[in-house]
Amino acid sequence: MFEELYDRLGIAALDRAVPASAGVEFLRPVNPATGKPMPVVRAISAEEYEAMADRSVAAFREWRMVPPPRRGEVVRRIGEALRAKKADLGLLITLETGKIRTEGEGEVQEMIDMADFAVGLSRQLHGLTIASERPRHRMMEQWHPLGPVGIITAFNFPAAVWAWNAMIAAVCGDTMIWKPSPRTPLTALAVQKIVDEVVRSVDLPCEGVFQLAPADEAIGRRMLEDRRLPLISATGSCRLGRVVGEVVGRRLGRSLLELGGNNAIVIAPSADLELAIRATVFAAVGTAGQRCTSARRLIVHESIHDQVLDRLTAAYQRVRIGDPWEDGVLMGPLIGEGSIAAMRAALDAAIAQGGEIVFGGNRLDRPGFFVEPALVKADPSMPIVGEETFAPILHVMKYRTIDEAIAIQNAVEQGLTSAIFTSDLREAEQFLSPEGSDCGIANVNIGTSGAEIGGAFGGEKSTGGGREAGSDSWKLYMRRQTCTINHGRDLPLAQGVQFDLDS
Ligand code: NAD
């Protein structure tokens, strides 16, 4: 049905191109809307990974010496190539992940935005000049390329997360090896083909800068232990983050962790409910609840709790579920059978812990992995409310005072995004203050998901503390060097220390 698309992206019938010899393994993505197999992708072997890492080190030696604005030119061309393929790549993302068409294309737009941002950044990798306490001395900070970066990505943003890292890493002078999710290797391969074409067309030493390692966890594990990769940027579950933190920490490498979220929206009595309901439905149901920023908890003032629940139920009834590539569909499938089981288990746990399902939660009777989004009346004390179930479940809870709302919002182990809907300036400012939300992202009168790339993205606590994309996140991809230059004829020591051989 989508053969022409696969052909245009150069990813059709890949299994036929490779002899089925012993030891060759394939990743087998499935279209979650149909349950049918998509073209397979050959996984790399451990030996191939070793050669790839050596190539990455060799490429780094040259790439680090290319002036950053010239590196930006390669990224600019990648952005142009992505613009040309936006519709095709967006549709492929839709087919492989089940996210709706506008979100698939939105993901490619995010990659383009990252490329544009990084091009500008390539002329702004600036350090500070610092006043020295010693006469005729100057201190400065400069930023140098770090080395080959290992990028490990999750299934739900199969291309954008790579761009958050790769576009920045490339202008910073780093090379990279990308291990995508084994559930979305086709999107990764299509992106790599687009990048390879750019690399072949430019007259700069960028061969080996961008490499793809389609593989499962075993190669990922090898990357974590690999001292040739000074930085591992890992996006995925908190479970993954604990392994990365431990293994990379053992070799004292640097890790950038973008992990799970359990995001909440607070709706205060003064909220514009029209906005609040729309934002909540997008945050909780959009991408079938499979965003790290999906809203999983709704904390509603007791005076409007029943009204909000009624309006949400009415809105949920109007959400069109279906093939994600069709116009008008707002919710596609979950990624696989395991996600359906996890959703069922979470709903059963909610009921056992005293919750009540007020809407949805059933599997749809059709091929693929479709469910109804679920609304659950809950209490903050229920253990299941503290967990990230990667499915469209929204736990709705009551609060009495703003202090209580903030305490409930902060009472989970994850700390990615948060939002408050209020027209009360004091409440909004309290939510953003040091005694407010403890998350990496805090919003007023917009929902928890759909961040722009200009701001640093990431979260606190078990979300891992990493920051990617905009602002000054680039600093993590570089090594900082403090330099002191003496242009005088004396050698004064800092802190007034005397060390005179003639005294
Ligand atoms: P996952 O943790 O199962 O897998 C993520 C990646 O890690 C995959 O490429 C996987 O192969 C790899 N991996 C798993 N175990 C590994 C190991 N031991 N060593 C090396 N690599 C290993 O996550 P998922 O199911 O693909 O994605 C969903 C999760 O990702 C959710 O928890 C979601 O919140 C999170 N996520 C976070 C962000 C963010 O920016 N904070 C963005 C997207 C997704």
Side-chain angles (χ1 to χ4, degrees), residues 27 29 32 41 43-44 49 93 96-99 103 107 110 114 150-165 177-185 187-188 212-226 229 232-248 250 253 255-263 287-296 334-336 338-339 342 346 387-391 412-417 439-441 448-451 453 455-470 473:
L27 303 173
V41 174
I44 63 157
Y49 169 76
I93 292 171
E96 204 173 28
T97 64
K99 64 175 70 173
E103 290 189 64
E107 179 156 353
E110 202 169 341
M114 274 312 298
I151 303 173
I152 296 174
T153 58
F155 81 84
N156 64 327
F157 277 89
V161 171
W162 168 81
W164 290 354
N165 286 280
I177 297 178
W178 175 20
K179 195 206 86 56
S181 164
R183 289 187 281 193
T184 52
T187 300
L212 176 68
D216 60 15
E217 281 186 33
I219 295 289
R221 186 88 196 194
R222 199 171 265 267
M223 290 169 72
L224 306 188
E225 285 170 356
D226 192 341
L229 307 180
I232 296 288
S233 172
T235 300
S237 54
C238 297
R239 182 189 68 86
L240 166 72
R242 284 188 191 98
V243 176
V244 177
E246 196 184 316
V247 179
V248 178
R250 217 179 295 132
S255 46
L256 191 173
L257 301 177
E258 292 281 357
L259 311 174
N262 187 355
N263 317 293
T287 332
Q290 298 175 114
R291 284 194 188 212
C292 51
T293 52
S294 292
R296 314 203 176 279
L334 293 178
I335 191 69
S339 301
E387 287 178 28
E388 179 199 47
T389 304
F390 220 52
V412 294
E413 72 167 78
Q414 310 84 351
L416 183 51
T417 82
C439 291
I441 296 170
T448 52
S449 62
I453 63 103
F457 181 90
E460 301 301 328
K461 303 193 287 185
S462 296
T463 301
R467 293 294 186 278
E468 285 174 348
S473 310

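This structure is a prediction, so every number in the text was calculated from the model and none was measured. All values below were derived from every heavy atom in this structure, side-chain atoms included, with hydrogens, water molecules and symmetry-related copies excluded. Order of appearance sets the numbers: ligands from 1, and atoms from 1 within every ligand. Throughout, residue positions are numbered sequentially from 1 according to the sequence presented.
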Carboxylate-amine/guanidinium proximity below 4.0 Å for [X] and [Y]:
{"X": "Arg242", "Y": "Glu413", "result": "yes"}
{"X": "Glu107", "Y": "Lys99", "result": "yes"}
{"X": "Lys179", "Y": "Glu217", "result": "no"}

Can you tell me the protein heavy atom closest to [atom] and the distance?
{"atom": "atom 11 (O) of ligand 1", "answer": "Lys179 NZ, 2.8 Å"}
{"atom": "atom 5 (C) of ligand 1", "answer": "Thr235 O, 3.5 Å"}
{"atom": "atom 26 (O) of ligand 1", "answer": "Phe155 N, 3.1 Å"}
{"atom": "atom 28 (C) of ligand 1", "answer": "Phe390 CE2, 3.7 Å"}
{"atom": "atom 20 (C) of ligand 1", "answer": "Gly220 C, 3.4 Å"}
{"atom": "atom 13 (N) of ligand 1", "answer": "Leu240 CD1, 3.5 Å"}
{"atom": "atom 44 (C) of ligand 1", "answer": "Asn156 OD1, 3.1 Å"}
{"atom": "atom 6 (C) of ligand 1", "answer": "Thr153 O, 3.3 Å"}

Quick one: which of [options] has a heavy atom closest to [atom]?
{"atom": "atom 32 (O) of ligand 1", "options": "Gln290, Glu388, Arg291, Arg467", "value": "Glu388"}
{"atom": "atom 14 (C) of ligand 1", "options": "Glu468, Glu217, Arg183", "value": "Glu217"}
{"atom": "atom 27 (O) of ligand 1", "options": "Ala154, Ser339, Ala451", "value": "Ala154"}

Could you tell me whether [X] approaches ligand 1 through its side chain, its backbone, both or neither, with non-hydrogen atoms closer than 4.0 Å?
{"X": "Met223", "answer": "neither"}
{"X": "Cys238", "answer": "neither"}
{"X": "Val244", "answer": "neither"}

Distance only, no hydrogens: is a donor on one side chain within 3.5 Å (strictly under) of an acceptor on the other, for Asn165 and Ser233? yes
Verify the distance criterion only: is there a donor paired with an acceptor across the side chains of Thr235 and Glu258 at less than 3.5 Å? no
Where ligand 1 meets Pro180 - atom numbers and elements under 4.0 angstrom, heavy-atom basis: 9 (O)
Number the atoms of ligand 1 from 1 as they appear, then name those within less than 4.0 Å of a heavy atom of Ile152, with their elements. 6 (C), 7 (O), 9 (O), 12 (C)
For the backbone of [Y] and the side chain of [X], can you confirm whether one donor and one acceptor N or O come within less than 3.5 Å of each other?
{"X": "Ser237", "Y": "Leu240", "result": "yes"}
{"X": "Ser473", "Y": "Gly470", "result": "yes"}
{"X": "Thr287", "Y": "Gly289", "result": "no"}
{"X": "Thr463", "Y": "Gly260", "result": "yes"}

Would you say Ser237 has any N or O atom under 3.5 Å from an N or O of ligand 1, going by distance alone? yes
Are there protein heavy-atom neighbours of atom 2 (O) of ligand 1 below 4.0 Å? yes
How long is the gap from CD1 on Ile441 to CG on Asn263, to the nearest 0.5 Å? 8.5 Å
Under the criterion side chain to side chain donor-acceptor pair (under 3.5 Å), I'd like the reasoning laid out for Gln414 against Ser462: C-alpha separation, chi angles, the key distance, then a yes or no. CA-CA 5 Å; Gln414 310 84 351; Ser462 296; over 6 Å; no
